[in-house]
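In this text the structure is predicted, and so the values were computed from the model without any measurement. Per chain, numbering begins at 1; letters A, B, ... match sequence-line order. Heavy-atom basis, side chains included; hydrogens, waters and symmetry copies ignored.
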2 protein chains.
Amino acid sequence: MLFLHKSNLKNRAMAKSPITINDLARELNVAPSTVSRALNNSPKISDLTKQKIVKKAAELGYNLNMVASSLSRSRTNTIGVVIPFLNNFFYSEVVNGIEELAFNKGYRILIAQTRNSFDKEKEILRTMSATRVDGIIACLTTETTNTDHLKILSANDIPLVLFDRVRFDFPCRKVIIDNYSAMQQSVAHLARSGYKKIAHLGGPITCNISSEHAKAFKETLKREGLPLLTQFHLSTDLTEEDIMEAIKIWLTSRLKPDAIITATSYAALVVSKLIKEQKLSIPEDIALSSLTSEPALQFVEPQITSVALPGRDTGKTSMDYLLNEIEHKEQKSDTTIKPYQLIIRNSSFRNK
Amino acid sequence: MLFLHKSNLKNRAMAKSPITINDLARELNVAPSTVSRALNNSPKISDLTKQKIVKKAAELGYNLNMVASSLSRSRTNTIGVVIPFLNNFFYSEVVNGIEELAFNKGYRILIAQTRNSFDKEKEILRTMSATRVDGIIACLTTETTNTDHLKILSANDIPLVLFDRVRFDFPCRKVIIDNYSAMQQSVAHLARSGYKKIAHLGGPITCNISSEHAKAFKETLKREGLPLLTQFHLSTDLTEEDIMEAIKIWLTSRLKPDAIITATSYAALVVSKLIKEQKLSIPEDIALSSLTSEPALQFVEPQITSVALPGRDTGKTSMDYLLNEIEHKEQKSDTTIKPYQLIIRNSSFRNK
DNA sequence: TATTTTAGTGCAAACGCTTGCATATATTTT
DNA sequence: AAAATATATGCAAGCGTTTGCACTAAAATA
């Protein structure tokens, strides 16, 4: 009963097509505008007619055409989410947080993965703005070194909130982790546990996160009175091969590190495995600590010390800011720093 | 330069608003229809005018309004993806596969999580059909025991492809894993490795997966000549508490299982940890095998035997089928069974 | 009772694009 | 040279809502 056979259409006489408010209007002998207002629960329509209309709508299986509604209102109630990868613990938690809040507020989310390609990022933003999303939440690629594509969004009045990997030179709200402090605490913790030759397996410095980590790494070592050996401070793309290569060199060199801090939890897992394969022990020979977390870290032996990031919360806050911009036209350009938690597990202190 | 000040509009004279094809048409003294055709690279427009139009469009920063285009064409180039959870290895791999293919074919994806609630599933399908998605790919909740909400989709001519958790009583294409066989092989492997008291920690039997697992579990035990003890065949919601409770009972009972098959990889990780905490050894005292996989299984000690599921491939195939329905009106109602791989690791055979 | 206010409904334009059909040249065919 | 065809463009309706304004009748005020 979801369709009517309409005979008043010229080109598609007798075409089977979904019920519209016009169909309802004709059936009930009221104007389409009355139907629209009734279904939107406008106070201008009497309760009696509302009831009649709602009843008929249910009866005929009427389903609002959001496309038409969006065109008319110039609002799609859709927000775009741009992330490097979906199959990643942190990002999927963030999206989870975004989706939950969005759904409750009557928004849909459009997701796209950049796979860390700047070109794809540009392309995605272009199509999202064509789709007329009401706003965008994005985590930039590591390749993103200029912001022209973001400027197009502002020019089109599409609010943007950046999270995690951001560009401080672009005016918009940003939600990030206190990366400097996370590294600082990690190093300090290792130093105070007696480790002296601390190495860092980091990501590409083109992104704010890695550069903040790098800075904190150097400065904290100095503060703790430890030497900074250049070969112990690596910036890689963190592919499995990169990790393998770096670790093999470290573990077989004359001067081994006695502690390793990895940028990602996946790297930590790989490193942990490699160390054990070399018959070295964690944390006695080498300590291990990760700047990102995922549940797996608690299931390996020994459990790996890590910085727990508030993914859900980051997503929720980003969405919250975006909604403020969308619904209250509140235009801010500040940076919110989310708290992290250094969770000390057995991989980072010697039992003595 | 993205906006024009329009003075020909009645109600919003002087309003700043995005460039439309009408603006381009006026600037170039051609008809809007010509602009539309030119930008869509219609063969009916001369190369010269196409060039002029494309150039002007770039110059003014014209960006197609997909909403209007969708309304006009009755096609949104958007597909809906409905999954229980995003932060789950298998599902995020599936979505990954869907997104990749979709993006390459010019489709956007709208994602929503049911969080395993039937009511939310219904609500999601309603709003997705209001959004006029061109098709939907869904993995049903474990609570979904009737298909009325799916019928509304067919009534609205929205193609649907189900994956993983499906309802065989609904006519549409389905992409699933050979769950029966996966369990069968898992049990057979354990039996042949000398384990005799095999237990299964399964999911809620309301869903096809768990019931296929259950069936295979019983039948294979029988075939292998092993006893089926009811307390060793559990169906739970697989929350952390459920797992804990079940395992505690098993491990402390007089009659312990000597092998455990878990429905999910997360459960396997938890079980592995609990077994070790009880000072029992894997695989000597108890073998462990999982019916779902995730990278973490390879990082724990011992590595956990598991059934690897082709997530990406499941996503790609589902999307491929959906595109066939959307673009070639191909209406099929068959079931594709994806191959899995039983990956035998150290958790499931004794070194002797 | 005459006048203003309020409540409930309808009219019609607008949102920006697509597309069937008509029209006007330009090109080819007889 | 006339007729038929091909090529390029314009016209206008249509997609399904929303919303400002106009209108009518009933209720409230003077």
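- Picking from D:dT18, D:dG16, D:dG14 the nucleotide with the shortest atom distance to the side chain of B:Ser72 gives D:dG14.
- Going from atom CZ of B:Arg75 over to atom C1' of C:dT18 covers 14 Å, rounded to whole Å.
- Where A:Arg132 and A:Lys50 each meet DNA chain C at their nearest nucleotide, the meeting point lying more 5' is that of A:Lys50.
- Note: CG (B:Asn22) to P (D:dG10) measures 13 Å, nearest angstrom.
- Rounding to whole angstrom units, CG of residue A:Asn77 and C1' of D:dT18 are separated by 14 Å.
- Salt bridge annotation for A:Lys151-A:Asp148: present, with a cationic side-chain nitrogen under 4.0 angstrom from a carboxylate oxygen.
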Show your working on side-chain hydrogen bond (donor to acceptor under 3.5 Å, both in side chains) between B:Ser46 and B:Thr49 and close with a plain yes or no.
CA-CA 6 Å; B:Ser46 72; B:Thr49 37; 2.7 Å; yes

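- The side-chain hydrogen bond (donor to acceptor under 3.5 Å, both in side chains) search around B:Glu99 returns A:Gln113, not counting sequence neighbours.
- Not counting sequence neighbours, A:Phe170 has no partner by the ring pair (Phe, Tyr, Trp, His ring centres under 6.0 Å) test.
- Put simply, B:Ser46 has a side-chain N or O that comes within less than 4.0 Å of OP1 or OP2 on D:dT9.
- Both B:Arg73 and B:Thr49 lie close to DNA chain D; mapped to their nearest nucleotides by heavy-atom distance, the more 5′-ward contact belongs to B:Thr49.
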Do any side-chain atoms of residues 321-328 of chain B form donor-acceptor pairs under 3.5 angstrom with protein atoms, and if so which ones, sequence neighbours left out?
{"unit_1": "B:Tyr321", "atom_1": "OH", "unit_2": "B:Thr336", "atom_2": "OG1", "d": "2.7"}
{"unit_1": "B:Glu327", "atom_1": "OE2", "unit_2": "B:Tyr107", "atom_2": "OH", "d": "2.8"}

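- With sequence neighbours excluded, no residue forms a side-chain hydrogen bond (donor to acceptor under 3.5 Å, both in side chains) with B:Lys122.
- Rounded to whole angstrom, the span from the CZ atom of A:Arg26 across to the C1' atom of C:dT9 amounts to 19 Å.
- For B:Tyr62, whose side chain is taken as the heavy atoms from C-beta onward, the closest listed nucleotide among D:dA8, C:dT9, C:dC17 is C:dC17.
- Axis orientation changes by 40° from one end of the helix from C:dT1-D:dA30 to C:dT30-D:dA1 to the other, with each end axis drawn from 5 pairs and the value rounded to 10°.
- Put simply, CE on B:Met66 is 16 Å from C1' on C:dC15, counting in whole angstrom units.
- Applying the side-chain hydrogen bond (donor to acceptor under 3.5 Å, both in side chains) rule to A:Lys120 yields no partners; only residues at least two apart in sequence or on another chain are considered.
- Annotation: salt bridge (Lys or Arg N to Asp or Glu O under 4.0 Å) contacts involving residues 32-42 of chain A, sequence neighbours excluded, are absent.
- Regarding A:Ile53, its CD1 atom lies at a distance of 15 Å from the C1' atom of D:dT18, rounded to whole Å.
- Considering only side-chain atoms of A:Asn65, the nucleotide from D:dT17, C:dT18, C:dG16 that sits closest is D:dT17.
- Taking atom CG on B:Leu24 and atom P on C:dG16, their separation rounds to 13 Å, with Å as the unit.
- Rounded to whole angstrom, the span from the NZ atom of A:Lys44 across to the P atom of C:dT6 amounts to 12 Å.
- DNA chain C lies under 4.0 Å from at least one heavy atom of each of the following residues of residues 28-42 of chain B: B:Ser33, B:Ser36, B:Arg37, B:Asn40.
- The side-chain contact (heavy atoms from CB on, under 4.5 Å) search around A:Glu123 returns A:Arg126, A:Thr127, B:Phe103, not counting sequence neighbours.
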